[in-house]
Amino acid sequence: MGENRGVPAGTALPKGEALLHDPLLNKGTAFTLAEREALDLRGLLPPNVHTIEEQLARVMDNYRHKSTDLERYIHLVSLQDRNETLFYRLVTDHIEEMMPIIYTPTVGQACQQWGHLFRRPRGMYLSWNDRGLIKDILRDWPNPDVRVIVVTDGERILGLGDQGVGGMGIPVGKLSLYTACAGIDPAKTLPIMLDVGTENEGYRRDPLYMGLRQHRVRGAPYDAFVAEFVEAVHQAYPKALIQFEDFGNQNAFRLLEQWREKVCTFNDDIQGTAAVTLSGLYSAQRLTGKKLADQTVLFLGAGEAGIGIGDLIASAMVDEGMDLATARKRCWFVDTKGLVVKSRTDLAPHKLRFAHDAPPVGDLLAAIRTVRPTALVGVSTMPKAFNRQVVEEMSQRNPRPILFALSNPTSKSECSAEEAYTWSKGKAIFASGSPFPPFVLEGKTYVPGQGNNSYIFPGVGLGVVAAQARHVTDRMFAAAARTLASLVLESDLEMGRIYPALTRIREVSAHIGAAVAEVAFQDGLAGIPRPADVKAMVKAEMWEPKYRDYA
Ligand code: NAD
């Protein structure tokens, strides 16, 4: 793996300036004297040769001198654009510190200021004006062996709404996590922005905005554009996994249904979120003593994340022997109009399967009194919706109330870790979407877990790539959820954390990759024969951020 990364087979290694400006191949001051001689680099670099450790010390020193997270983001992305090996070594070594910079919450600020921060392009921008030409445009991408694509149309970025072309920060960030967390070779990744316009008037009026200044294309023309894209990708890169990311929910569910059986695709907001949350419920079992089948889950927010989680919980309950109708009745939803119940006539199609018989109820507190949940999951983008009364109500009803405040970024979180622990008097089993710092209550330190999709999607992608799976299935996500929960240590649980430490993420991804590949082999979805040792095959697929010897 990785032997020819960045250099398509049969292509000569670039030399001189061209080599220094290829971020996949560049080693900067770490080029040895022999390499400098052989590759026409003498005179183009200062004379001293540095080790990667010395280079890391320099970039880390610069990083520490930045005064805001956004400046740190710019520093890291600039490094990525110069020297990917060094960037990934840095991020891998400091994953807990840097994940919130290259991904949520800081990436959200970057998306909001994309046109103002822009340095150089990364990935591909396909706009509505390119319709009819996508197949040809994809040929401009230099790497012929793309295996993982993350694509967005920028309509629903984190909990920040329509960011138009600035949404590109998300595919770029997610693919960085694929490499940092699961060792997907960066040469085989491709971030894509589908620009069909934006409803954000501020951006349309901003002279520095870089996308199309038009309202979003909708309906049949939009679907035809996405279809042209998916078909062109499938033709150009038949082994590529296409991850749909941060599409508006009126499109996300439909596109998933339309494409999941035809190509190798999944939607992380729906399925990845579901798996990480289901895993949190499995781990919480060890603290509450209650089985999954004993849980009643109330969601605040009935969008992609909420419905996706509800579907996966229901299918996991079915796997444990419950019938589907009963399993769905364990999941209840509150949306902007109140409790989702059968008598309502205003429900979008994706909510109907969770509309149960109950009197209409207007607010979350009343819904808790009606539904009597054991777990509350916030996926509403409604900051502070889990207020003191809500947390106290949950705590009175449950010895260990499960409170997941998953809305991103931090400013949208339904409650903070401090609020959850304080108002529940330390009883809450808490997880959040964006990270919260450790918190001390009455002498005990709580380390809140982050229900971060990064525990799931990189490992799922790794398993899919390694097994060359033709489709991504719910069984794969359920296997990923169980595997993740199995890796939580007693010491994690003792400090209140229902996920493994992020520092173990590569090990976690390798385990998840093996579990997902195993499902692909069992279900006849793999593109290669099953090797004797699936875990070893998956590990061998993982790219390491180490310099290659060119001399
Ligand atoms: P979405 O737009 O599809 O859904 C949001 C839902 O919340 C909609 O149904 C909306 O009607 C509802 N809502 C809005 N205001 C509300 C209110 N006041 N009361 C009740 N419901 C309200 O978005 P999504 O993809 O479901 O994401 C929702 C949030 O979850 C985002 O902030 C996103 O960043 C976060 N999220 C977190 C994770 C994670 O932590 N792992 C993963 C995915 C999404």
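Start at 1 and go down the list; that is how both ligands and their atoms are numbered.
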Could you tell me whether [X] and [Y] have their ring centroids closer than 6.0 angstrom?
X: Tyr499; Y: Tyr455; result: yes
X: Phe430; Y: Tyr446; result: no
X: Phe225; Y: Tyr222; result: no

Please determine whether the number of non-hydrogen atoms from other residues, nucleotides or ligands lying under 6.0 Å from atom [atom1] of [X] exceeds 12.
X: Glu320; atom1: CD; answer: yes
X: Lys291; atom1: NZ; answer: no
X: Lys337; atom1: NZ; answer: no

Do me a favour and list the nearest non-hydrogen protein atom to [atom] with residue, atom name and distance?
atom: atom 25 (O) of ligand 1; value: Arg156 NH1, 2.2 Å
atom: atom 43 (C) of ligand 1; value: Thr273 OG1, 3.0 Å
atom: atom 35 (C) of ligand 1; value: Leu406 O, 3.5 Å
atom: atom 4 (O) of ligand 1; value: Gly303 CA, 3.2 Å
atom: atom 41 (N) of ligand 1; value: Asn453 OD1, 2.3 Å
atom: atom 10 (C) of ligand 1; value: Thr336 CG2, 4.5 Å
atom: atom 33 (C) of ligand 1; value: Asn408 N, 3.9 Å
atom: atom 28 (C) of ligand 1; value: Val379 O, 3.3 Å

- line: Which of Val334, Val377, Thr370 passes side chain to side chain contact (heavy atoms under 4.5 Å, CB included) with Leu298? It is Val334

message: As a test of understanding, state which of Ile102, Val77, Ile170, Leu70 forms a side chain to side chain contact (heavy atoms under 4.5 Å, CB included) with Val107.
response: Ile170

At less than 4.0 angstrom from any non-hydrogen atom of [X], what atoms of ligand 1 do you find?
X: Gly301; answer: 6 (C), 7 (O), 12 (C), 21 (N)
X: Ala302; answer: 6 (C), 9 (O)
X: Thr381; answer: 28 (C), 29 (C), 31 (C), 32 (O)
X: Gly433; answer: 40 (O)
X: Met382; answer: 18 (N)
X: Leu158; answer: 34 (O)
X: Asn249; answer: 1 (P), 2 (O), 3 (O), 4 (O)
X: Leu300; answer: 19 (N), 20 (C)

- prompt: Does the side chain of Phe244 come within less than 4.5 Å of Asn251's, by heavy atoms?
  reply: no

query: Among Ser407, Gly159, Gly248, Gly378, which residue places a heavy atom closest to atom 29 (C) of ligand 1?
result: Ser407

statement: Looking only at non-hydrogen atoms, the one of Ala367, Ser380, Gly338 nearest atom 13 (N) of ligand 1 is Ser380

- prompt: When you measure from the centre of the six-membered ring of Phe457, is the NZ or CZ of Lys174 under 6.0 Å away and within 45° of the axis?
  reply: yes

query: Angle class for the Phe333/Phe299 ring planes (parallel below 30°, perpendicular above 60°, tilted otherwise)?
result: parallel

task: From the options Asn200, Asp162, Thr198, select the one residue that forms a side chain to side chain donor-acceptor pair (under 3.5 Å) with Arg216.
output: Asp162

Decide whether an N or O pair under 3.5 Å exists between [X] and ligand 1.
X: Ala305; result: yes
X: Asp269; result: no
X: Gly451; result: yes
X: Val276; result: no

Ion pair Asp311/Arg353, N-O distance below 4.0 Å: yes

